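To start, the structure under review is shown below, and the notes come after it.
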Amino acid sequence: MAQPKRYLITAALPYANGLKHLGHLAGAYLPADIYVRYLKAQKRDVVFVCGSDEHGTAIPIQAMKEGTTAQAIIDKYHPIIEQNFKDLGIEFDIYHRTSSPLHHETAQEFFTALNKKGDLQIKETEQYFDEATSTFLADRYIKGTCPNCGYENAFGDQCERCGTSLSPEMLINPVSTLSGNIPIKKSTKHWYLPLDKHEDFLREWILNEHGNDAAANEAWRSTVLGQCKSWIDGGLQPRAVTRDLDWGVKVPLKDAAGKVLYVWFDAPIGYISATKQWALDNQKNWEPYWNDKETKLVHFIGKDNIVFHCIIFPVMLKLHGNILPTNVPANEFMNLEGDKMSTSRGWSIEMDDYINDWIKKDNGGPQLADTLRYYLTQIAPETKDSEFTWKGFQDANNSELVSIFGNFVNRALVLMHKLCGGKVPPLHADHLDNIDRKLVEEIKLAKDRIENLLEQYKFREALFEVIDLARKGNKYLQEKEPWKKNPVDEKHLIDNCLHICLQLTANLAVLINPFLPNTAKKMLYLLKVVDKILDWENAGSMKLLSVGYTLRAPELLFRKIEDTEIEVQIQKLNASKMEKESQEPLPPPEGHSRTGVAGSQLPVTNTLKDGIVFDDFAKVDLRIGTIISAKKVEKADKLLQLEVDLGFEKRTIVSGIALHFNAEDIIGKQVTVVVNLAPRKMKGIESNGMILMAEDKTGKLHFINPEGKIDEGSTVS
RNA sequence: GGCGAGGUAGCUCAGUUGGUUAGAGCACAGGAUUCAUAACCCUGAGGUCGGGAGUUCAAAUCUCCUCCUCGCUACCA
C-alpha cells in the first residue's frame with residue numbers, strides 16, 4: 001500500500017477540570033506519542049495535536065464549588081496538565097486549548113457551514129427555565145430527588161450517588177442551583193445533528209470499509225468495530241448541537257442569544273483549531289492536513305470516546321467536507337490493583353503524583369519516566385481491560401529493564417573498556433562465525449518486525465521485540481564469553497564480539513527511542529554519537545559506530561526499585577481511598593465523561609428536605625408486613641416481586657432491591673411498607689406499595705424493621 | 001433482559017483461513033557461570049484452552065446452549 005503523504009495524529013483532549021491519571025496516559029497519550037515518535041524517526045510528515053477541552057457544564061460547576069470562575073479553573077488545570085505531559089515525555093507539536101479565540105472562530109465557522117447547507121435540524125422543546133436569573137438551565141444546573149435511590153441532590157443528567165442516568169424531567173422536586181428557585185418549563189429552540197440520516201454512510205464506511213475483512217483499508221480493532229455496530233444497530237438519534245448556557249462557544253446566529261455549542265460538538269473541532277495554531281506558529285499550511293485525501297488521520301482515544309470519534313465526529317467531518325480518520329485505535333480501560341481507576345474515589349494514580357514521587361526525586365529523573373512508559377506500554381489495554389499493579393511495575397523495571405536491557409548495555413560497555421581499551425574494536429570479517437552472522441541477521445529482522453507491529457498499533461508486542469533483541473544480545477555474550485578469551489591469540493574474537501555488541505547497543509537505542517526517548521538519549525550520550533543516529537533508517541545497520549572511536553565510561557541506564565518504595569505507594573493509595581470514603585456522601589462507583597477523557601468530580605452535600613407539618617406526615621400510612629414470597633422479575637436486573645403479608649391483606653410489591661438481596665434470603669423478613677401509595681406498574685406487574693430501605697454510605701441497602709417480630713399490619717408513626 | 005468485547009499455565013498475554021505432543025515473557029525450581037545492577041545463560045515443572053453438547057478424519061479455533069467479567073442500553077418511585 002502506498003505510504004500516506006502526511007499524517008495528522010490526535011490524542012483525546014483532556015477535560016480541564018482536574019488532574020489526569022495513568023489510565024488516561026496509557027489509553028491515549030502514550031500510544032499516540034510512541035506512534036508519532038516512530039513516524040518522525042521515519043522522517044514522515046506528521047503533526048501531533050492535543051489540547052485542553054475547556055467547555056461544558058462541569059467546569060462552571062467546578063468553579064461554583066471552588067468559589068471561583070470557570071476561567072480560573074481552566075487557567076489552573078491547563079498548564080498543569082500540559083507540564084505533566086512534558087515531564088512524561090509526551091511531545092505534542094501543539095498543546096492548544098478550546099478557550100482560545102482561534103478555536104471559537106473555527107467551531108463557529110464549522111457550525112455555520114453545516115447550518116447553511118441545511119445539515120442541521122431545528123427543534124423547539126420545553127426546558128426548565130430559572131425566572132430569577134432569566135436563564136435556561138442546563139441539566140447539571142438542576143438538582144432534585146433521584147427517582148431511583150431517593151438521593152436529594154441528584155443532578156439533572158445523573159445521580160451522583162447511584163450513578164443512574166437521568167433527564168431533568170425525571171427529578172422529583174427540581175430546584176435551580178443558580179437561585180434555589182423552582183424552575184418553570186419554557187419553550188426553547190435548538191439545533192440538532194440528524195445522525196439518523198447518516199446511518200447508511202456509517203454502516204458502509206465503518207463496517208465494510210474498515211471491517212474485519214477490509215481488504216484495501218486498515219481493519220479497525222474488533223472492540224471498536226463492535227461498539228460502532230452496537231450503536232448503529234441500536235438506531236441513531238438526532239443529537240442537540242446547541243444548548244442554553246453561557247460558558248462555551250457562542251452560537252453564531254442572531255436569534256441564538258444565550259446559546260453555546262454543545263461541548264461534544266466543539267471539542268473535536270479543537271483538533272482542527274489546534275492544527276491551525278500549529279500552522280501559524282510554524283509558517284505552515286494547515287489545510288492539507290484536514291482536506292487532502294492523502295493525509296492519514298488517526299485518533300488515539302480511550303474506549304469511552306469511541307462513539308464520538310467513530311460515529312459523531314466523522315459525520316461532522318463528512319458534512320463539512322473534511323477527510324475521515326483512517327483508524328481510531330481506541331484502548332480499553334486500565335484498572336488499578338483490582339479495581340477501576342477513579343479520581344473521585346481516591347483510587348487512582350495521577351500523572352502529577354507519579355511525577356512528584358518518582359521523576360522529581362533525586363533518585364528518579366527522566367529514567368523513571370521511561371520506566372512508567374515501559375510498564376504502561378507492556379500492559380496497554382489494547383484488546384481488553386488490563387491492570388496496573390505496583391508489584392507489576394516493580395517487576396517490569398527490575399527483571400526486564402534492569403536485568404535484560406540495561407544489563408546488556410552495561411555489559412557491552414564495561415567489557416569494551418576492559419578488553420578493548422575503551423574504543424570501538426575493529427571487525428575482522430574473515431573470522432565471523434555463524435553465531436555472529438545470526439545475531440546480525442536478528443537485528444535486521446527485529447527492525448522489520450517492530451516496524452510492522454507499530455504500523456498496526458501493536459505497541460505492546462513491538463516493545464517486547466525490542467527487549468527480546470536485548471535478550472539475544474545477552475545470550476550472544478554468554479555464548480561468546482569474550483572475558484575468557486586469550487587477549488593476544490584470540491584478540492580478533494574479542495574484537496568481533498564487542499564490535500557486534502556495541503553496534504547492537506546503538507541499534508537498541510534507535511529501536512527503543514519511540515518508546516523510551518530518555519533512555520535512547522542517555523545511550524547516545526554513552527556512545528558519544530549525535531541525535532541523527534536515531535533516524536529509523538539506521539536500524540539494522542552494523543555501521544553506526546566508527547571503529548577506534550572512544551566511548552564514555554559506562555553508566556547504569558536504570559536503577560532497581562526496592563520493595564519498600566512499592567509498599568509506600570500501596571499505602572498511599574489505600575490512604576487516599578480511605579480519605580475519600582470518609583467524605584460524605586460517597587461519589588458513584590463509576591462514570592466516564594461523554595466528551596473529554598476524564599470523569600468529573602462533583603460536589604455533593606447533604607441538605608435536608610423542606611419542612612412539613614404533622615398533617616403532611618400523617619398522610620403516609622406505614623405498616624409492618626412480612627415478606628412471604630419473593631422472586632426475581634424477568635428481564636429486569638434490579639427488581640424483585642414480593643408478596644407481603646400485612647395482616648389485613650396480602651399484597652404484591654415490586655421493589656428495586658435485587659442487586660442487594662437474593663430472593664430466597666429475605667423471605668420471612670419483616671419490613672416497613674408504605675401502604676397507601678398509588679399503585680404503579682413495572683414490567684407489567686402492578687406494585688401496591690413501597691418497602692422502606694435505609695442506605696448506608698457505601699450504598700448498601702438495609703431493611704427498616706421492628707426490633708423483634710410483631711404482628712403484621714402494625715402501624716408505624 | 002438486549003447489544004458489544006472478553007474468559008488460554010500462579011501473573012500478563014500470543015494463538016492467522018479448524019491440522020503434527022497448545023506458545024511467549026515474568027514469577028517459580030534445578031543447573032551452569034562470574035564480564036555485568038546476586039544481573040546474565042541453560043534446563044525444568046506448570047494448562048481437560050470458563051462449562052456442556054454438536055459438526056468433522058481432526059476444534060482453543062466452526063454451530064448451539066450455559067456460567068462469569070467489563071462496557072453500552074432497558075428496567076428503577
Side-chain angles (χ1 to χ4, degrees), chain A residues 145-150 159 162 164-166 170 172 213 221-235 302-304 306-307 332-333 335 340 375 378-389 391-392 394-404 406-419 458 460-461 463-464 467-468 470-471 473-485 494 497-498 501 554-560 590 592 632-640 654-659 674 677-678 680 682-685 687 689-691:
Chain A
T145 301
C146 173
N148 179 43
C149 69
C159 173
C162 67
T164 305
S165 295
L166 303 170
M170 294 161 79
I172 303 162
D213 45 359
R221 287 184 178 168
S222 63
T223 47
V224 176
L225 286 171
Q227 254 200 64
C228 290
K229 189 171 184 302
S230 184
W231 277 94
I232 297 171
D233 289 349
K303 70 173 166 185
D304 52 333
I306 289 176
V307 64
E332 302 285 290
F333 288 149
N335 295 322
K340 255 189 260 291
Y375 182 50
Q378 195 214 44
I379 59 164
E382 289 173 3
T383 55
K384 52 185 150 189
D385 290 357
S386 69
E387 178 142 331
F388 182 106
T389 61
K391 183 81 179 74
Q394 182 192 21
D395 279 350
N397 180 75
N398 290 358
S399 53
E400 289 168 34
L401 282 182
V402 173
S403 300
I404 296 170
N407 187 35
F408 170 73
V409 172
N410 190 45
R411 291 174 87 184
L413 290 169
V414 168
L415 283 170
M416 182 269 301
H417 276 89
K418 284 191 177 169
L419 307 175
K458 294 184 177 174
R460 209 172 42 199
E461 233 180 301
L463 181 55
F464 173 82
I467 298 299
D468 204 45
R471 185 176 284 116
N474 278 318
K475 210 170 204 164
Y476 172 79
L477 267 181
Q478 198 62 34
E479 279 177 297
K480 289 287 180 178
E481 298 183 310
W483 54 89
K484 281 191 177 171
K485 299 283 186 268
I494 296 174
C497 174
L498 269 300
C501 283
E555 279 175 38
L556 298 179
L557 289 179
F558 304 99
R559 71 167 180 88
K560 284 214 159 196
E590 54 223 280
H592 290 277
K632 192 116 171 16
V633 175
E634 299 268 310
K635 300 185 182 182
D637 285 351
K638 298 182 183 172
L639 299 184
L640 286 185
V654 179
S655 182
I657 57 173
L659 294 179
V674 181
L677 191 67
R680 184 184 165 94
M682 278 176 274
K683 285 285 168 192
I685 303 160
S687 179
M690 176 177 153
I691 310 279

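All chains are named by letter (A, B, ...) in the order of the sequence lines, taking the proteins before the strands, and each is independently numbered beginning at 1. The shown structure was predicted, so the numbers you read here are calculated from the model rather than taken from an experiment.
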Rounded to whole Å, the NZ-C1' distance (A:Lys229 to B:G2) equals 13 Å

note: A:Phe333, atom CZ; B:U69, atom P; distance rounded to Å ~ 18 Å

With rounding to the closest Å, how many angstrom separate the P atoms on B:A5 and B:U17?
16 Å

Considering only atom C1', compute the distance from B:U56 to B:U63 and round it to an integer number of Å.
12 Å

5'-most contact on RNA chain B (nearest-nucleotide basis), A:Trp483 vs A:Ala396, goes to A:Ala396

Can you tell me if A:Lys384 touches the phosphate of B:C70, counting only side-chain N or O atoms and a distance under 4.0 Å to OP1 or OP2?
no

Rounded to whole angstroms, how far apart are CG on A:Leu415 and C1' on B:U34?
11 Å

Suppose you measure atom C1' in B:G52 against the same atom in B:C11; what distance do you get, rounded to whole Å?
28 Å

Which part of the nucleic acid, if any, lies within reach of A:Lys391 when heavy atoms closer than 4.0 Å are counted: base, sugar-phosphate only, or nothing?
nothing

Start with the C-alpha gap between A:Leu401 and A:Gln378, add the side-chain angles, then the distance that decides, and say whether side chain to side chain contact (heavy atoms under 4.5 Å, CB included) holds.
CA-CA 11 Å; A:Leu401 282 182; A:Gln378 195 214 44; over 6 Å; no

At 4.0 Å (heavy atoms only), tell me whether A:Glu400 reaches a base, stays on the sugar-phosphate, or touches nothing.
sugar-phosphate

Between B:U33 and B:U48, how many Å separate the two C1' atoms, rounded to a whole number?
40 Å

A correct 5'-to-3' footprint of nucleotides 36-46 of chain B, with B, S and - meaning base, sugar-phosphate only and no protein heavy atom under 4.0 Å, is BB-SBSS----

If I take atom CD in residue A:Glu387 and atom P in nucleotide B:U69, what distance separates them, rounded to the nearest angstrom?
16 Å

Got a salt bridge between A:Glu332 and A:Lys303, using NZ or NE/NH1/NH2 to carboxylate O under 4.0 Å?
yes

Close side-chain approach of A:Asn410 and A:Leu556, heavy atoms under 4.5 Å:
yes

May I ask you to evaluate whether A:Lys458 reaches the phosphate of B:A14, defined as a side-chain N or O under 4.0 Å from OP1 or OP2?
no

Expressed as a whole number of Å, how far does the C1' atom of B:U8 sit from that of B:G50?
10 Å

Separation of B:U69 atom P from A:Lys340 atom NZ, nearest Å, is 11 Å

Flag the pair A:Tyr375 / A:Asn397 as yes when at least one side-chain heavy-atom distance between them is below 4.5 Å, and no otherwise.
no

Candidate nucleotides B:A14, B:U33, B:C72, ranked by approach to the side chain of A:Trp231 - the nearest
B:C72

In whole angstroms, how far is the C1' atom of B:U12 from the CD atom of A:Gln394?
16 Å

Euclidean distance for P, B:G23 against B:G46 (whole angstrom)
14 Å

In this structure, how many angstroms lie between the C1' atom of B:C11 and the CD atom of A:Gln378, rounded?
11 Å

Measuring only the C1' atom in each nucleotide, how far is B:G18 from B:A32? A whole number of Å is fine.
43 Å

How many whole angstroms separate atom NZ of A:Lys480 from atom P of B:C35?
19 Å

Suppose you measure atom P in B:U21 against the same atom in B:C49; what distance do you get, rounded to whole Å?
15 Å

Any A:Leu413 side-chain heavy atom under 4.5 Å of A:Met416 side chain:
yes

